[in-house]
There are 2 protein chains.
Amino acid sequence: MRVTGDLALVKKLNKSIVLDTIRRNGPLSRTDVSERTGLNKATVSNLTLELLEQKLVEETGLGESSGGRKPLMLLFNGAAGCVIGIELGVTLVKAALTDLTGGILAERSAPLAGQDPEAALAVVRETVKPLLEAMPDTPHGLVGIGIGVPGMVDESGLILYAPNLGWEGVDLRSRLEETFGVPVVVDNEANVGAAGEREYGAGRHVRHLVYVSAGMGLGSGMIIDGQLYKGAWGYAGETGHMSIESDGRLCSCGSRGCWELYASERAYAYVSEAGSTPLPASTTSELAAHARSGDAAVLDLYREIGRRLGIGITNLVNGFNPEKIVVGGPLTEAKEWIEPAMLDTIAERALPYHRRELAVSFSELGSRSAVLGAAHLAVSQFLGRVRVSL
Amino acid sequence: MRVTGDLALVKKLNKSIVLDTIRRNGPLSRTDVSERTGLNKATVSNLTLELLEQKLVEETGLGESSGGRKPLMLLFNGAAGCVIGIELGVTLVKAALTDLTGGILAERSAPLAGQDPEAALAVVRETVKPLLEAMPDTPHGLVGIGIGVPGMVDESGLILYAPNLGWEGVDLRSRLEETFGVPVVVDNEANVGAAGEREYGAGRHVRHLVYVSAGMGLGSGMIIDGQLYKGAWGYAGETGHMSIESDGRLCSCGSRGCWELYASERAYAYVSEAGSTPLPASTTSELAAHARSGDAAVLDLYREIGRRLGIGITNLVNGFNPEKIVVGGPLTEAKEWIEPAMLDTIAERALPYHRRELAVSFSELGSRSAVLGAAHLAVSQFLGRVRVSL
DNA sequence: AAACTTTGTCTATCGGATAAACTAAGTCTT
DNA sequence: AAGACTTAGTTTATCCGATAGACAAAGTTT
């Protein structure tokens, strides 16, 4: 059954508009909010009153007069509650306790021993425990948990398939909700990374964003009109398996020429193939060190990876026309040597109109994109946004 | 300024829900509508009254009793007005007069002589003229015009760039609105095709749809959550320039290995390259005739085109996870010989989960996808849909 | 024919948004 | 310093649409 209109909906919508306006542009006076939103002053006053009672908004004192009575400034109260953002990696669990503005209050991480769901869940519980103990006293307490996982997640939070963990059909959301007693949001790692960069990082205020997460694989999180796009069944963003060589290298997915074989850490394994000198190391950290000392083979490798990244990004750009592309993930440790070739390739190959306006940049949050994005999804669910389009 | 909530919005939303419910599921009684939508019976009665006054809904008489008073059945009145859908091709203008349900009342087409905007506009006017004369007398008369063009169109209807016409920055919408005095919707050819197939063709009731239009080039129309996705500046869907061979054939766009060089009619020009026998013809109609009589070179060609179409479609599927892919456009005249290789390739290369649920099919509306889609966009704008997401 | 069912309307009420009047609290002018 | 002016925020009366529930209308079943 669809959403129908009634007074409750109107109120919910307007309240969400007022809160959002204050959150993004505060401090603001009631009159400012009224002018910005188009809502009547009385309406703003009423809704603000409720937000004050809910402790989501604070009066921070008088502002500057502009020739009349001084305004009482309103500010979003990020300290009204806490959330926990978790990144469940293949070998590592990272978690952060944040306030409602994404400010980190505490952080933990732990290696992931076994990979069966039970063992992983135990590690998650252990990692989160000290964060809960460190939680300050707030009006709302813990309001939610967000978690990013390396796999495909449907709209209900069910992990459909996580090849690198060997999981299939794991209802992580229910399990965590039972454990912690708060609402849980589960999403793909690239998606939460996209959410993080869009809210707190390189993609602020961007309507259409593609976040490319490059590590052992390659995945994309796509934000369309400010919202994560998950596709029909939650498999959107598997761009690592976009073929950029129709008859290229055979991939474990069964296809050929997949992007991630050329433009992620998986490319390291193929270097000797070209007959060139073998690589002096096999991890990005080590290779970055060699690059820093001028190792020609490594520099070539990263130039080629940059070029291939550029080719794939160009494909995404031509299909999606995002406002911005943000590249993140472990591979960005080598961004210094990847970036020039990547940008050159995009400049060469993207359609002229895209080139003119497109912005491509690297992650601003670094290794925290995912935890912060996961945290943000939880905040976002707690604050509950209503959207209307005519 | 954003949309805020007030009573007018609530009414607009509910009225749009009622109309939509009747339109898609009619005939229905008022009680049926109330049950389906969750709206109160009184609300439905009130809104229906207005819709009856606006002639958008008709009472078609009494229905079957289910043990009590007979219901008065309501039906969407497609004859309340007319729209015109236009496909502005590179060499041909096609136009259709339809009612509000997409029923074709009259059709015209005319070759496009010169390609400068003024000449094209004159041809459009001449093509539309007899349709206007054939227009039946309806309560609302002509309520809008939709037009699909081979180029990139931004959200305001401005044609940013149409390489095949040599147009740049043409405000077709304003021009046509001045001429005809009704609201005009302009969009990309692939987008209107997508709209057509989704409303009246192979993509009915599909939430996320990708329509691939294959002709002299290759373009996609993407429908996300029931709405056309245009990207940040209207360039989304330029998938013809997705590279499927990183260092492949040089394309006129400046890039290499573009999909449309391998999987559209542009591929015909490259056959001799492989050293094989030259093609016996150069248009799809002629080649289809040769295929029908078993010409091996032509059959090979179409097998290869099918394979390449499959590769590109797999890429789109992995990125977007649409519910359905519909292939249309002039090239589908040869679908008989393209389809097997295309489907095999997708089955081989798509990720296992996609494969399981994805539906790929050819256009149901054939050469009318675009005109009907354009007409539908005009209808849709006239009826005005409001959407709320929580 | 009486009881029951279903359809659709009528009526009173509720709860939001709004404009306009009003109070509060400042600045500016002379 | 006093009055005029400005701006901020609240109060009041009004409007409007959705809703529940009563009711009327028009069937069917026994």
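Lettering follows sequence order; numbering is per chain, from 1. Computed from a predicted structure; not experimentally measured. When reading the values below, keep in mind they use all heavy atoms of this one structure, side chains included, and skip hydrogens, waters and symmetry mates.
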TODO: Going 5' to 3' through nucleotides 19-24 of chain D, assign each nucleotide B (protein heavy atom under 4.0 Å from a base atom), S (under 4.0 Å only from sugar-phosphate atoms) or - (no protein heavy atom that close).
DONE: BB----

Open item on the list: Can you confirm if the aromatic rings of B:Tyr229 and A:Tyr229 lie within a centre distance of less than 6.0 Å?
Closed with: no

Open item on the list: Would you say A:Arg30 places a side-chain N or O within less than 4.0 Å of OP1 or OP2 belonging to D:dT10?
Closed with: yes

TODO: For residues 56-81 of chain A, pull every pair meeting salt bridge (Lys or Arg N to Asp or Glu O under 4.0 Å), keeping only residues two or more places apart or in separate chains.
DONE: A:Arg30-A:Glu59

Task: salt bridge (Lys or Arg N to Asp or Glu O under 4.0 Å) against A:Arg387, all qualifying residues, sequence neighbours excluded - done: A:Asp225

- [ ] Give a yes/no answer on whether the side chain of A:Ser29 brings an N or O atom under 4.0 Å of OP1 or OP2 in D:dG9.
- [x] yes

Task: Closest-nucleotide 5' rank along DNA chain D - winner of A:Asp32 and B:Lys15 - done: A:Asp32

Task: Interatomic distance where CG belongs to A:Leu28 and P belongs to D:dT7 [whole Å] - done: 18 Å

Open item on the list: With nearest nucleotide decided by heavy atoms, which residue, A:Gly68 or A:Ala8, maps closer to the 5′ end of DNA chain C?
Closed with: A:Ala8

Open item on the list: Taking B:Arg198 first and then B:Glu323, would you say they form a salt bridge - that is, a charged N and a carboxylate O separated by under 4.0 Å?
Closed with: no

Task: Start and end of the DNA chain C segment that chain B contacts, any atom under 4.0 Å from a heavy atom - done: C:dT5 to C:dA17

TODO: Answer yes or no: is there an ion pair linking A:Arg204 with A:Glu364, defined by an N-O contact shorter than 4.0 Å?
DONE: yes

Task: A:Leu72 side chain, from C-beta outward: closest of D:dT10, D:dG9, D:dA18 - done: D:dG9

- [ ] Give the rounded distance in Å between these two atoms: CD of A:Glu35 and C1' of D:dT7.
- [x] 10 Å

Open item on the list: Check this for me: does any side-chain nitrogen of one of B:Glu178 and B:Arg173 sit under 4.0 Å from a carboxylate oxygen of the other?
Closed with: no

Open item on the list: Strictly below 4.0 Å: does A:Ser65 bring a side-chain N or O up to OP1 or OP2 of D:dT7?
Closed with: no

Open item on the list: Distance check needed: D:dC16 C1' versus B:Glu50 CD, whole Å only.
Closed with: 12 Å

- [ ] For B:Glu199, enumerate each residue passing the side chain to side chain donor-acceptor pair (under 3.5 Å) test, keeping only those at least two apart in sequence or located in another chain.
- [x] B:Arg24, B:His376

Task: Minimum side-chain heavy-atom gap B:Gln381-B:Pro183 below 4.5 Å - done: yes

- [ ] Mind checking side chain to side chain donor-acceptor pair (under 3.5 Å) for B:Lys230 and listing every partner two or more places apart, or none if nothing turns up?
- [x] B:Asp187

